[in-house]
Amino acid sequence: MVAILVLAVLAIVSLLKQKLKARHQLIWLLIIIFLPFFGPILYFLIIKRYKEVNLVKRRVGQFKQKF
């Protein structure tokens with residue numbers, strides 16, 4: 001039970017550090033709170049993919065600007 005609480009707190013702290021739109025943060029916060037075990041796990045899996053996609057988009061944008 002303590003591990004689930006720690007996982008939720010870590011997910012919330014990570015969420016607050018992310019530069020997401022307010023409505024996206026609110027939705028994730030509700031998911032993390034109302035799905036205590038699956039919410040944080042889902043958050044960490046999806047946010048990792050989100051960061052990877054954004055990194056690729058930024059690099060492609062920088063590459064296009066050079067040419």
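Residues take their numbers from the sequence shown, with the count starting at 1.
- Screening residues 30-46 for side chain to side chain donor-acceptor pair (under 3.5 Å) gives Ser14-Tyr43 as the qualifying pairs, with residues at least two apart or on separate chains.
- There is no path of hydrophobic side-chain contacts, each under 4.5 Å, that joins Val9 to Leu29.
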Report all side-chain donor-acceptor pairs from residues 32-42 shorter than 3.5 Å, counting only partners two or more places apart or in another chain.
none

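- In this structure, Leu45 is a member of the same hydrophobic cluster as Ile4, with clusters built from ILVMFWY side-chain heavy atoms closer than 4.5 Å.
- By the side chain to side chain contact (heavy atoms under 4.5 Å, CB included) test, Gln25 pairs with Leu15, Leu20, sequence neighbours left out.
- Taking the side chain to side chain contact (heavy atoms under 4.5 Å, CB included) definition, one finds that Val2 meets it with Val6, sequence neighbours left out.
- Partners of Lys21 under the side chain to side chain contact (heavy atoms under 4.5 Å, CB included) rule, at least two apart in sequence or in another chain, are Arg23, His24.
- The distance from atom CD1 of Ile47 to atom CH2 of Trp28, rounded to the nearest 0.5 Å, is 7.0 Å.
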